[in-house]
Chemist: 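Before I ask anything, let me first share the structure, which is written out below as structure tokens.
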Amino acid sequence: MITGLAATTAPGRPAGAPAPGGPPRLPRRIARSRRAVAGLVLLAALFAVAFGGPLLSRWGWDDTDFAAFRQGPSARHWLGTTQSGRDVLALTLRGTRRSLLIGLSVAVLSTGLAGLVGTVAGFAGGRLDRVLMWATDLLLVLPSFLLVAVLAPQLGGGGLVPLLAALLWMVSARAVRGTTVSLREREYVLAARFLGASPARVIVRHVLPQLASLLVVDASVNVSVAVIAESGLSYLGFGVRPPDVSLGTLVAAGQGAAATCPWPFAAAAAMLVLIVLAVNLLGDGLRDVLDPAAGQGRGDR
Amino acid sequence: MAAFLLRRLGNHVVLAVAATSLAYLLAAAALDPRANFEGRAPRPPESVVDARLTRLNLNDRTSLAVRYGTWAAGVLHGDFGRTWDGRPVNAELWRRLGVSVRLLSPGAFLGSALGILLGAYAAIRQGRAADRFITLGSYLLLAVPVFVLAVLLQIVAAKANDAMGMHVFAWVGETTPGAAHGTFGALGGLADRMRHLLLPTVTIAMTQAAFYSRYQRGLMLDVLHTDFVRTARAKGLRRRTALLRHGLRTALIPMTTYFAYSFGFLVLGGMFCEQAFGWHGMGEWLVEAISRGDVNVVAAISCLAACGVLSAGLASDVLHGVLDPRVRAGAAA
């Protein structure tokens, strides 16, 4: 997804013309960043395992094996079973799918919202700008943990994604607005405006490409925040309801017996750490590639 | 400086009032304390439940504005109301605050100091083995949620206890009952407290150190190549003095912003720590209060958390002034 976005924004860059001897094109620069590649590969592997794994295992996440309660790994159950006879591997993969989907959809929604509000506010200026920024500041004051913990159980399973997205966009919307305000007065944007391009066209064709690096990095940060937030809420008991599982509830259920029966805890914890690690690696790698100035002097990333 | 701080303080007070009011309104509108009474067997008559809820200012049949007015009048007199079973919130609030402060402060101090030193050291040794090790470590730690880290440490400690054949590490609760009345008296009680603090402190210190070292390394690298550090070396200062007094001091200035930010992190992390280590602090209370629909408790904790985060912001402003003479000069002029 992210390479696709990067590839489409590359031609929009003012210096993006493939001059001989010029800077290499974006996909190649990403391929050269060890962190970005490691993150991408890890993330792809996680997706493959989470979505392909159930095809290989004959146990569904909601199946109960009445012949095996709380057992270690065996040929029948690759990662053992829980106290109630459910297959640990199937449960972990279910939780992983959930985390990956929530992470990605929250990131897309919140970054999209940040981009929309930020560019519109920065580009329009005047009263609309003031109203939008005032609303943004108001949302920043909201006690966000309380809001999620109180509302998530009431909204049900589908409510968590819009809720998390609604709480994550404010800071980046401010950053986007700041950049947009300075871009608005650049010569090429002025030229496009004086040529009669509509505001929407100017924003999409001339302002957004300049913001691409900011938004891509912001999205990657939001993925890991959303994954940790979802599992943390479920760990505390404010997330998914019992028959269904998330990596957070698996960690909470496994921690009591972790010393004697480590498999349920270890599998869920490892998946959680791997997801966050992959996303952090990818985000850091992309920031270095897309925004060299931010990484200047920061050494050998 | 004083005028600047006063203005910031006024700003923060407005924000704290707004955040607390929003928290109260949200909790009062969405939570359902009535369910506690309806779940009881035998179920009390409705008029009794109504009277009881009204006395506690928790009745959802009173309009929200009226309830808010009653609650706000109480808070202005320093009274956060009562819990759903009729006990005063204030007394419990201070007790719980004490527990949370005892749990979090050692780890927070240790973690931030360690993180700043490790980050600065990694920057000085940029590209060497030490730098790679510290960077990798902070990277891995940042990917491990607090509640996973806490359980991992407990597993390691359990193995260590088994290996040594004695109970060196303890991690359930704040004290072992009766430890203060053993052979060693009060001293034994103190030792027992320290033993219980060890694992939570390590958990919090590790996450804080990982967070701080990442930022400090970047900031320190920016400073290392500046002219003033070179000048300090050129005028004959030792490398250590030049780096500490001119480099680290300057690199700490932007960190003051992160200090306020990380305080919010700390409060959230503390909630998971209390849950994982069985401490009965504010975080555990908040989780209980939300599931039980205890509106006044939720509002009181939100108020304290808002005040905490905003004082951390104020403290970071003061630190900024202490570290950066330009701020003091600018404010005095």
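In what follows, chains carry the letters A, B, and so on, assigned in the order in which the sequence lines appear, proteins first and then strands, with residues in each chain numbered from 1. Values in this document were obtained by computation on a predicted structure and should not be read as measured data.
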Chemist: For chain A, which of B:Val287, B:Leu22, B:Leu142, B:Leu31 has the most heavy-atom pairs under 4.5 Å?
Modeler: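 Heavy-atom pairs under 4.5 Å are most numerous for B:Val287.
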Chemist: Using heavy-atom distances under 4.5 Å, tell me whether A:Val273 contacts chain B through its side chain, its backbone, both, or neither.
Modeler: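 For A:Val273, backbone and side chain are both near chain B.
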Chemist: Who among A:Ala266, A:Gly232, A:Ala269 has the most heavy-atom pairs with chain B under 4.5 Å?
Modeler: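 That would be A:Gly232.
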Chemist: Does B:Phe133 have more than 12 heavy atoms from other residues, nucleotides or ligands lying within 6.0 Å of its CZ?
Modeler: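 Open.
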Chemist: I need the minimum non-hydrogen distance between B:Phe147 and A:Ser231, along with the two atoms involved.
Modeler: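 Smallest interatomic distance, heavy atoms only, reads CZ-OG, 3.7 Å.
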Chemist: For chain B, which of A:Leu146, A:Val251, A:Val150 has the most heavy-atom pairs under 4.5 Å?
Modeler: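 Highest number of heavy-atom pairs under 4.5 Å: A:Leu146.
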Chemist: State, to 0.1 Å, how close B:Tyr139 and A:Asp284 come at their nearest heavy-atom pair, and which atoms those are.
Modeler: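 B:Tyr139 and A:Asp284 have their closest heavy atoms at OH-OD2, 2.9 Å.
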Chemist: Compare all side-chain heavy atoms of B:Ile155 with those of A:Phe265 and state whether any distance is below 4.5 angstrom.
Modeler: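 Yes, their side chains come closer than 4.5 Å.
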Chemist: Using non-hydrogen atoms only, which part of B:Leu286 is less than 4.5 Å away from chain A: side chain, backbone, both, or neither?
Modeler: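 Answer is side chain: those atoms of B:Leu286 sit under 4.5 Å from chain A.
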Chemist: Using a 4.5 angstrom heavy-atom cutoff, name the option from B:Val148, B:Thr135, B:Leu140 with the most pairs to chain A.
Modeler: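 Most heavy-atom pairs within the cutoff with chain A belong to B:Val148.
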Chemist: Checking A:Leu274 against chain B: side chain, backbone, both or neither under 4.5 Å from a heavy atom?
Modeler: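 A:Leu274 has no heavy atom closer than 4.5 Å to chain B.
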Chemist: How far apart are the closest heavy atoms of A:Phe238 and B:Ile290, and which atoms are they?
Modeler: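 The pair with the smallest heavy-atom distance is CE2-CG2, 3.6 Å.
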Chemist: Is chain A contacted by the side chain of B:Val156, its backbone, both, or neither, given a heavy-atom distance below 4.5 Å?
Modeler: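 Neither part.
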Chemist: Parallel, tilted or perpendicular: which one describes the rings of B:Phe272 and A:Tyr235, with boundaries at 30° and 60°?
Modeler: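 It falls in the tilted class, 30° to 60°.
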Chemist: At a heavy-atom separation under 4.5 Å, does B:Thr20 approach chain A through its side chain, its backbone, both, or neither?
Modeler: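 Nothing of B:Thr20, per the 4.5 Å heavy-atom cut-off to chain A.
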Chemist: What residue in A:Ile228, A:Asn280, A:Leu236 has the most heavy-atom pairs under 4.5 Å with chain B?
Modeler: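 Looking at each option in turn, the highest pair count goes to A:Leu236.
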Chemist: Please look at A:Leu281 and chain B and tell me whether the side chain, the backbone, both or neither of the residue comes under 4.5 angstrom of a heavy atom of that chain.
Modeler: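 For A:Leu281, heavy atoms of backbone and side chain both lie under 4.5 Å from chain B.
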